[in-house]
Amino acid sequence: MPWLEQPPVWLLGGSCGLLLHGVSLDAAPRDIDLYADLGDAQVLHEALSRYAVSGPEEDYSRGCFSLRSRYAVEHISVELVCGFRIGYGSWQYSADIKRLLAYAPVQDFAGIGLLRLMPAAHELIFNILRGRAERCCRIAAYLRQDLSVHLPLLHSLILDNGLDLSFQLKLDELLGIPPFIQT
(Lines give C-alpha, C1' and ligand atoms only; values in the text may rest on other atoms or scores of the structure.)
Protein backbone atom coordinates (compact mmCIF):
# COMPACT_ATOMS: atom_id res chain seq x y z
CA MET A 1 0.00 0.00 0.00
CA PRO A 2 1.73 3.17 -1.21
CA TRP A 3 -0.03 5.40 1.33
CA LEU A 4 1.82 3.63 4.15
CA GLU A 5 5.01 5.46 3.14
CA GLN A 6 3.20 8.81 3.45
CA PRO A 7 0.15 8.17 5.61
CA PRO A 8 -2.75 10.60 5.34
CA VAL A 9 -2.82 13.42 7.86
CA TRP A 10 -5.99 14.45 9.66
CA LEU A 11 -6.82 16.53 12.72
CA LEU A 12 -9.79 16.42 15.06
CA GLY A 13 -11.47 19.83 15.04
CA GLY A 14 -14.77 21.55 15.62
CA SER A 15 -16.63 21.30 18.89
CA CYS A 16 -15.11 17.92 19.83
CA GLY A 17 -11.61 19.28 19.34
CA LEU A 18 -12.43 22.39 21.34
CA LEU A 19 -13.79 20.34 24.23
CA LEU A 20 -10.62 18.24 24.26
CA HIS A 21 -8.56 21.45 24.36
CA GLY A 22 -10.55 22.41 27.45
CA VAL A 23 -12.77 25.08 25.88
CA SER A 24 -16.23 25.13 27.48
CA LEU A 25 -19.18 25.10 25.09
CA ASP A 26 -22.89 25.75 25.53
CA ALA A 27 -23.97 22.49 23.93
CA ALA A 28 -22.61 19.00 23.43
CA PRO A 29 -21.08 18.29 20.01
CA ARG A 30 -23.50 17.03 17.37
CA ASP A 31 -20.81 15.32 15.34
CA ILE A 32 -17.10 14.63 15.03
CA ASP A 33 -15.21 16.82 12.56
CA LEU A 34 -12.04 15.47 10.96
CA TYR A 35 -10.00 17.87 8.83
CA ALA A 36 -7.58 16.87 6.07
CA ASP A 37 -6.00 18.29 2.93
CA LEU A 38 -7.53 17.50 -0.46
CA GLY A 39 -4.62 15.20 -1.30
CA ASP A 40 -5.57 12.87 1.56
CA ALA A 41 -9.33 12.84 0.92
CA GLN A 42 -9.53 9.67 -1.17
CA VAL A 43 -7.35 7.52 1.11
CA LEU A 44 -9.25 8.64 4.21
CA HIS A 45 -12.62 8.12 2.53
CA GLU A 46 -11.60 4.62 1.50
CA ALA A 47 -10.52 3.87 5.09
CA LEU A 48 -13.93 5.03 6.35
CA SER A 49 -16.01 3.75 3.43
CA ARG A 50 -17.81 1.01 5.37
CA TYR A 51 -19.35 3.78 7.52
CA ALA A 52 -20.14 6.11 4.58
CA VAL A 53 -23.43 7.95 4.49
CA SER A 54 -22.43 10.34 1.69
CA GLY A 55 -19.55 11.81 -0.19
CA PRO A 56 -17.05 12.90 -1.04
CA GLU A 57 -19.03 15.89 -2.33
CA GLU A 58 -18.03 19.49 -2.95
CA ASP A 59 -19.71 21.78 -0.44
CA TYR A 60 -19.96 25.53 -1.03
CA SER A 61 -22.22 26.44 1.89
CA ARG A 62 -22.04 29.46 4.22
CA GLY A 63 -19.06 31.10 2.52
CA CYS A 64 -16.99 27.92 2.82
CA PHE A 65 -15.60 25.38 0.41
CA SER A 66 -14.63 21.84 1.27
CA LEU A 67 -14.80 18.33 -0.04
CA ARG A 68 -17.07 16.68 2.55
CA SER A 69 -17.89 13.11 3.33
CA ARG A 70 -20.28 11.98 6.03
CA TYR A 71 -20.15 8.78 8.03
CA ALA A 72 -22.09 7.06 10.81
CA VAL A 73 -19.90 5.15 13.26
CA GLU A 74 -22.02 3.37 15.86
CA HIS A 75 -24.74 6.05 15.64
CA ILE A 76 -22.21 8.90 15.85
CA SER A 77 -22.06 11.35 12.95
CA VAL A 78 -18.58 11.94 11.57
CA GLU A 79 -17.68 14.51 8.91
CA LEU A 80 -14.46 14.43 6.93
CA VAL A 81 -13.74 17.98 5.77
CA CYS A 82 -10.97 18.22 3.16
CA GLY A 83 -9.46 21.30 1.52
CA PHE A 84 -11.30 23.69 3.82
CA ARG A 85 -11.50 27.36 2.75
CA ILE A 86 -13.68 30.18 4.02
CA GLY A 87 -14.29 33.69 2.77
CA TYR A 88 -16.00 36.55 4.54
CA GLY A 89 -15.93 39.87 2.70
CA SER A 90 -12.28 40.64 1.94
CA TRP A 91 -11.09 38.04 4.45
CA GLN A 92 -10.06 34.68 3.00
CA TYR A 93 -8.67 31.73 4.93
CA SER A 94 -7.49 28.24 3.93
CA ALA A 95 -6.68 25.44 6.35
CA ASP A 96 -3.43 23.72 5.35
CA ILE A 97 -3.51 20.62 7.55
CA LYS A 98 0.03 19.48 6.87
CA ARG A 99 1.24 22.94 7.92
CA LEU A 100 -1.01 23.03 10.99
CA LEU A 101 0.25 19.59 12.02
CA ALA A 102 3.42 21.11 13.54
CA TYR A 103 1.18 23.08 15.94
CA ALA A 104 -1.40 20.37 16.58
CA PRO A 105 -1.37 19.16 20.19
CA VAL A 106 -1.24 15.39 20.55
CA GLN A 107 -3.19 13.91 23.43
CA ASP A 108 -3.34 10.31 24.60
CA PHE A 109 -6.83 9.21 25.59
CA ALA A 110 -7.40 5.98 27.49
CA GLY A 111 -9.20 3.46 25.33
CA ILE A 112 -8.74 5.60 22.21
CA GLY A 113 -5.04 6.28 21.82
CA LEU A 114 -3.29 9.32 20.41
CA LEU A 115 -5.34 12.10 18.82
CA ARG A 116 -4.05 15.19 17.09
CA LEU A 117 -6.22 18.23 17.73
CA MET A 118 -6.73 21.11 15.35
CA PRO A 119 -4.77 24.04 16.83
CA ALA A 120 -7.00 26.39 18.81
CA ALA A 121 -5.52 29.34 16.84
CA HIS A 122 -7.15 27.93 13.69
CA GLU A 123 -10.43 27.48 15.53
CA LEU A 124 -10.42 31.13 16.63
CA ILE A 125 -9.77 32.42 13.09
CA PHE A 126 -12.43 30.10 11.66
CA ASN A 127 -15.03 31.16 14.23
CA ILE A 128 -14.28 34.87 13.72
CA LEU A 129 -14.92 34.37 10.01
CA ARG A 130 -18.14 32.46 10.76
CA GLY A 131 -19.36 35.25 13.07
CA ARG A 132 -19.70 32.98 16.11
CA ALA A 133 -19.13 35.62 18.80
CA GLU A 134 -19.84 33.42 21.83
CA ARG A 135 -17.53 30.66 20.65
CA CYS A 136 -14.83 33.22 19.78
CA CYS A 137 -14.93 34.62 23.32
CA ARG A 138 -14.51 31.14 24.80
CA ILE A 139 -11.65 30.18 22.48
CA ALA A 140 -9.94 33.53 23.12
CA ALA A 141 -10.23 32.95 26.89
CA TYR A 142 -8.55 29.57 26.41
CA LEU A 143 -5.76 31.09 24.31
CA ARG A 144 -5.16 33.86 26.87
CA GLN A 145 -4.21 31.20 29.44
CA ASP A 146 -0.90 30.81 27.58
CA LEU A 147 -1.01 33.39 24.81
CA SER A 148 2.71 33.26 24.01
CA VAL A 149 2.28 29.66 22.84
CA HIS A 150 -0.50 30.56 20.39
CA LEU A 151 0.64 33.94 19.03
CA PRO A 152 3.29 32.65 16.58
CA LEU A 153 0.74 30.47 14.77
CA LEU A 154 -1.95 33.17 14.87
CA HIS A 155 0.41 35.72 13.31
CA SER A 156 1.63 33.22 10.74
CA LEU A 157 -1.92 32.29 9.70
CA ILE A 158 -2.85 35.96 9.39
CA LEU A 159 0.17 36.66 7.16
CA ASP A 160 -0.14 33.46 5.10
CA ASN A 161 -3.81 34.16 4.36
CA GLY A 162 -3.43 37.89 3.74
CA LEU A 163 -5.88 38.79 6.50
CA ASP A 164 -5.85 42.57 6.81
CA LEU A 165 -5.43 45.06 9.64
CA SER A 166 -9.16 45.06 10.45
CA PHE A 167 -8.95 41.32 11.09
CA GLN A 168 -5.86 41.79 13.26
CA LEU A 169 -7.68 44.47 15.29
CA LYS A 170 -10.66 42.15 15.82
CA LEU A 171 -8.31 39.38 16.91
CA ASP A 172 -6.38 41.69 19.26
CA GLU A 173 -9.64 42.87 20.83
CA LEU A 174 -10.73 39.29 21.52
CA LEU A 175 -7.34 38.40 22.99
CA GLY A 176 -7.12 41.54 25.11
CA ILE A 177 -4.02 42.79 23.30
CA PRO A 178 -3.83 46.60 23.47
CA PRO A 179 -3.76 48.31 20.07
CA PHE A 180 -0.37 49.40 18.77
CA ILE A 181 -0.22 53.18 18.88
CA GLN A 182 2.20 54.96 16.56
CA THR A 183 3.59 58.32 17.64
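One is the number of the first residue; the rest follow in order along the sequence. Worth knowing before you read on, the calculation uses all heavy atoms, side chains too, and leaves out hydrogens, waters and symmetry mates.
- Put simply, I112 and I76 are part of the same group of oily side chains (I, L, V, M, F, W, Y) that touch within less than 4.5 Å, one to the next.
- Taking the side chain to side chain contact (heavy atoms under 4.5 Å, CB included) definition, one finds that V149 meets it with D146, sequence neighbours left out.
- Remark: S156 pairs with R99, D160 by the side chain to side chain contact (heavy atoms under 4.5 Å, CB included) rule, at least two apart or across chains.
- L12 and L101 are assigned to two separate hydrophobic clusters, defined by single-linkage of ILVMFWY side chains at heavy-atom distances under 4.5 Å.
- Within the structure, the salt bridge (charged side-chain N to carboxylate O under 4.0 Å, His left out) test picks out no pair touching residues 101-123 (sequence neighbours left out).
- Atoms OG and CG, from S66 and L80 in turn, are 9.0 Å apart once rounded to the nearest 0.5 Å.
- Using a 4.5 Å cut-off on side-chain heavy atoms (C-beta onward), V78 and Y51 make no contact.
- Within the 4.5 Å cutoff, no side-chain heavy atoms of D59 are placed close to those of V81.
- Considering every non-hydrogen atom in both A72 and V53, the closest pair reads N-CG2, 3.6 Å.
- For F65, the ring-ring contact (aromatic ring centres under 6.0 Å, His included) partners two or more places apart in sequence, or in a different chain, are Y60.
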Under 3.5 Å, which donor-acceptor pairs do the side chains of residues 35-45 form with other protein atoms, sequence neighbours left out?
| unit_1 | atom_1 | unit_2 | atom_2 | d |
| --- | --- | --- | --- | --- |
| D37 | OD1 | I97 | N | 2.8 |
| D37 | OD2 | K98 | N | 3.1 |
| D40 | OD2 | V9 | N | 3.0 |
| D40 | OD2 | K98 | NZ | 3.0 |
| Q42 | NE2 | E46 | OE2 | 3.2 |
| H45 | ND1 | Y71 | OH | 2.6 |

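- Here the closest non-hydrogen pair linking P56 and S69 is CA-OG, 3.2 Å.
- Side-chain rings of H122 and Y103 stay apart, their centers remaining 6.0 Å or farther from each other.
- Side-chain contact check for M118 versus L100: some heavy-atom pair is nearer than 4.5 Å.
- The side chain to side chain donor-acceptor pair (under 3.5 Å) search around S49 returns none, not counting sequence neighbours.
- The closest side-chain donor-acceptor pair between D172 and Q168 falls under 3.5 angstrom.
- The salt bridge (charged side-chain N to carboxylate O under 4.0 Å, His left out) analysis of residues 11-20, with sequence neighbours excluded, yields no pairs.
- When the side chains of ILVMFWY residues are joined at heavy-atom separations under 4.5 Å, either directly or via intervening members, L20 and Y142 end up in two distinct hydrophobic clusters.
- By the 4.5 Å heavy-atom criterion applied to side chains, L34 and L11 are not counted as neighbours.
- Residue pairs meeting the side-chain hydrogen bond (donor to acceptor under 3.5 Å, both in side chains) criterion with at least one member in residues 124-136, sequence neighbours excluded: N127-R132, E134-R138.
- The ring-ring contact (aromatic ring centres under 6.0 Å, His included) search around F109 returns none, not counting sequence neighbours.
- A side-chain donor-acceptor contact under 3.5 Å links R144 to the backbone of L174.
- With rounding to the nearest 0.5 angstrom, the NZ atom of K170 is 14.0 Å from the CG atom of L165.
- The side chain to side chain contact (heavy atoms under 4.5 Å, CB included) test applied to N161 returns Y93, S94, L157, L163, not counting sequence neighbours.
- Legend: residues meeting side chain to side chain contact (heavy atoms under 4.5 Å, CB included) with P105, ordered by chain and number and at least two apart, are H21, L117.
- Every pair passing salt bridge (charged side-chain N to carboxylate O under 4.0 Å, His left out) that includes a residue from residues 78-96 is listed here, sequence neighbours excluded: R68-E79, R70-E79.
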